Number of protein chains: 2
Amino acid sequence: MNARATRRGNLVVGVDIGGTKTAILVCEADGTVRARAVAPTAVGAPDHAAATIATIVEGAIRDANASPDDVAALGVGVPGRVDRERGQVTLAVNLDWHDLPLGPRLEAALGIPTFLENDVRAAALGLHRRRLFGPAESLAFLAIGTGISAGVMLDGVLHRGAHGLAGEIGHVIIEPEGTRCACGNRGCFETVAAGPAIVSRTLAGWAARRNGHDDGASAWSADADHDAGDEASRVRRIGAEAVYAAAAAGDPVAADVVDAAGRAIAWGIHLLALAYDVTRIVIGGGVSHAGDSFMTPVQRELDRYRASSPLAAEILLPDLVQLLPAGADAGAWGAVTIARESLGLDVESPTLARSSDMHEGG
Amino acid sequence: MNARATRRGNLVVGVDIGGTKTAILVCEADGTVRARAVAPTAVGAPDHAAATIATIVEGAIRDANASPDDVAALGVGVPGRVDRERGQVTLAVNLDWHDLPLGPRLEAALGIPTFLENDVRAAALGLHRRRLFGPAESLAFLAIGTGISAGVMLDGVLHRGAHGLAGEIGHVIIEPEGTRCACGNRGCFETVAAGPAIVSRTLAGWAARRNGHDDGASAWSADADHDAGDEASRVRRIGAEAVYAAAAAGDPVAADVVDAAGRAIAWGIHLLALAYDVTRIVIGGGVSHAGDSFMTPVQRELDRYRASSPLAAEILLPDLVQLLPAGADAGAWGAVTIARESLGLDVESPTLARSSDMHEGG
C-alpha cells in the first residue's frame, strides 16, 4: 500500500487459480505491487466459481485503495485448458470445470477486461518478461504439482502449439508397464513424479511393509511400524511435502519414492533440453517446494547423465536448471504479465526485472 | 533438362550429404528441376571431401547445361552439427568430420556462395516450404536412419535452439537399463530404433538362438538355423532393411526387434506431439524406407495409445503422421530451400508445392 494517487484505469490485476489456493496481485502498470491476496480456491459448484473469484479480486483491489474502475485489465491463470478467444475454461480436471465461461462472467461481475491463459504458460511468460533468471530468450518452466507440464518460451515467444497442448510432457511415457495415468495410458511421467503419484506410491510402500512384503525390512522400518498409521495420515493430509520430510528423516520407502521421482524429473529435464534446446529450465510447482530434499536426487541424476555423456554435459550446462523459490508467486506474476500484454505494455520493462519484487509477500 | 535460356546467376543447387550417398539437385530459382545427380559419399580423408563434392556438383551443373557462374547459391545439408556463420561442420560423427570448413572450401572451389545446415533441419524446412503434406505451419520431420533426430518448424520458423541441438530426441532415454549409446548414456531412443540398433539387436538375437538361449525356440527357428549365417551376413551388408524383410518373411527374432523399434518410434511420435503440438509429423530416413513393414508396428502402437487415452486420441489425429515416400529427396530439396532462402526468395512459392516434383528421379 502506498500513498500515490491512483490514475483511473492505471492498475493491472493477476489471478492465479491453483488447485488449493488462489493468489492475487494488484499492480501498477509498471509492475509495482499495490496489494496481494491469497484465498482458498472455491471448489464448490462451477457456477459459483466466477462470483467467488470476483469477490476476492474486489477485496484485493480495495486493499490497494482502488476500485474495479481503476483496473485496466485482469489476467487469469487457470490450471487447465483454456479457449483464450472466448475466455472459456475448456477443461480443468482438478477443479471439475468443463466449458466454464470464466472470462465473460468475471467481466460481467467486475467490469474489467479479462484474459485467460493456462497457468503454467502464464508463469513461463512472466518468468521470461521479468528476467528472474537473467535474460534467457528461450526458457522452459517445468511445473511439478498435481500434474506435470511445461510452459515454453522460444526466442521470446510463448509456444502454445496447434491445439494449445505444447509442453504437456507429463504424459510422455516413462514406464511402459507402469501405473495407469488419469489420461488413460500407462506409465506417464506424471505417474512417477507428480504429487499424487509420490503420495500413493509411498502409502502403497508402507502398506506393503506393514504386511511384511518388504524383504529388506530394516531396524528402521520395524521401529517405524508402530506409527506408520500416523505418518500415512499426515501424508494423506499434507501430500508430497510430507513424503519428502519422511525421506529426509530416513524412511527407506519414502526415500525410494523420492529417488525415483528425482530420476524421472532429471529425465524430463534432459528431454526438455534435447527437444527445445533452451538456455534455462526453471522448476516450480507444489512438489518442488520441498527444496533441497526435492532437488538433491534430481541433481544427482543429472550429474550421472553429465558424467557418462559429453552430449548431456554440453546440453545440461551447470546454470541450465534453476529452482523457483517457493515464495516467487510465478503464477500470479504470470497472470499480471497476461494482463499487461493485453494492454500492449512494453513486454520487457526493466522495472519488472527487480528480483526484490519476487519475494514480496511470499 | 530443357531448352530454356539460362540467365546468369539464375540457378540454385542443393547438396544433401548422406552417410552413404550424396544427392544433388540443380534447380531454377522457381524450383524447376534442371538436373539431378547421386554419387557415393566420399568417406576418405576429410581434407579431400570438399574437392570431391565440388567435382560432383560441377558435373551436375554441367548436366543442366550450365556453369558454376550461373548458380546464385549452393545449399548443403550435412548429417551433423554445423556452424552456419562460419560455414563449418563442427561434428559429423558418421563421416568422421571435425571442424571441417566445408563452406569456405566449396566457395573457393566453385565460386558459388555456400550455405550449410544440418540435413534433418534442412529437410524440415524444405517440407514446410514445399507444402508436400498440405499447408501445415507447424511440423516435425522425424528422421530415422543411422541416428534419430527431428527437424521442427514452429509457426513457419525453423526451430534450431540455443546451441543448434533442438530436436535431438534420439538421445531421450527410453530404456534406463538399456544398451550403451554412442553418446555415452544408456538406453537412448536411438539404441532401440535407429538402423545400427535394429541390426545389432537382430544379430545378437540370432546368435543367442544358435547358442540355444532362446527359450521360446519354435519350429521356425529350428528350420532357420541352418541358414542363419547367410541371413546374418545379408543383414550386416544391407542393414535394417534386411531385418524388416526377415521380419516380413516370418523370422520371430527379426519380428521382435522390428516390433520393439515400432513401439519406440510411436513413443517418439507421441513425445513430439506432446512437446511441440505440431499438426504434421513426417517420418523419413533410411530405416523408414522399409515402408509398410516399417509403419505397421508404429501404427499399431499409436492405435493402442489412442484407444486407451482420450488425450492421445486428440493429439494423435489420424492425419498427424505421414510417411515420406522413399524417392522424395527431402534432404536435397531441403538443401535447395536453404539456397533459395539465402537469396531471400519468397519462402512459400506455390510452384514449389507441386508434389509431382517430389518423385522426380526418385
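In what follows, every chain begins at residue 1, and chains take the letters A, B, ... in the order their sequences are listed. Model, not experiment: these values are computed from the prediction.
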Discussion item. Quick one, A/R84 with A/E341, criterion salt bridge (Lys or Arg N to Asp or Glu O under 4.0 Å). Give me CA distance, side-chain angles, the key distance, then yes/no.
Written reply: CA-CA 14 Å; A/R84 293 185 304 135; A/E341 305 246 322; over 6 Å; no

Practice prompt. Take B/Y305 and B/I269 through the test side-chain contact (heavy atoms from CB on, under 4.5 Å) and record every step on the way to the result.
Written response: CA-CA 11 Å; B/Y305 285 13; B/I269 289 167; over 6 Å; no

Practice prompt. Please report the C-alpha distance between A/N185 and B/S308 in whole Å, then the side-chain angles of each, then the deciding distance to 0.1 Å, and finally whether the side chain to side chain donor-acceptor pair (under 3.5 Å) criterion is met.
Written response: CA-CA 6 Å; A/N185 276 326; B/S308 20; 3.1 Å; yes

Practice prompt. Quick one: do A/I148 and A/L142 satisfy side-chain contact (heavy atoms from CB on, under 4.5 Å)? Show the steps, please.
Written response: CA-CA 7 Å; A/I148 296 180; A/L142 178 60; 3.9 Å; yes

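Heavy atoms of A/L271 lying under 4.5 Å from chain B belong to its backbone as well as its side chain. Contacts of A/H270 with chain B are made by side-chain atoms alone, with heavy-atom separations under 4.5 Å and no backbone atom involved. Contacts between B/H159 and chain A at a heavy-atom distance below 4.5 Å involve the side chain alone, from C-beta outward. For chain A, no part of B/R263 is nearby; none of its heavy atoms comes within less than 4.5 Å. Interface remark: A/R81 contributes side-chain atoms only to the contact with chain B (heavy atom separation under 4.5 Å). Heavy-atom distances place the side chain of B/E314, and not its backbone, under 4.5 Å from chain A. Contacts of A/R186 with chain B are absent, with no heavy-atom separation under 4.5 Å from either backbone or side chain. Contact annotation for A/A312: only side-chain heavy atoms (C-beta onward) come within less than 4.5 Å of a heavy atom of chain B. Within the 4.5 angstrom heavy-atom criterion, only side-chain atoms of A/L317, from C-beta onward, approach chain B.
Inter-residue side-chain proximity for B/L324 and B/S288 is flagged as unmet; no heavy-atom pair is nearer than 4.5 Å. In this structure the side chain of A/V278 reaches within 4.5 angstrom of the side chain of A/L154, judged on heavy atoms. The side-chain heavy atoms of B/F141 and B/L125, taken from C-beta on, include no pair separated by under 4.5 Å. Under the 4.5 Å side-chain criterion, counting only non-hydrogen atoms from C-beta, B/I144 is in contact with B/I283.
Per-residue heavy-atom pair counts under 4.5 Å with chain B were compared for A/D155, A/V172, A/L165, A/L311, and the maximum is reached by A/L165. Of the listed residues (A/G161, A/A150, A/A275), the greatest number of heavy-atom pairs within a distance under 4.5 Å of chain B belongs to A/A275. Looking only at heavy-atom pairs under 4.5 Å with chain A, the residue among B/A273, B/S149, B/G167 that has the most is B/G167. Heavy-atom pairs under 4.5 Å with chain B peak, among A/I173, A/I169, A/T279, A/L272, at A/I173. The choice from B/E168, B/R160, B/E175, B/H163 that makes the most heavy-atom pairs within less than 4.5 Å of chain A is B/H163.
Remark: B/D303 engages B/R306 in a salt bridge, criterion side-chain N to carboxylate O under 4.0 Å.
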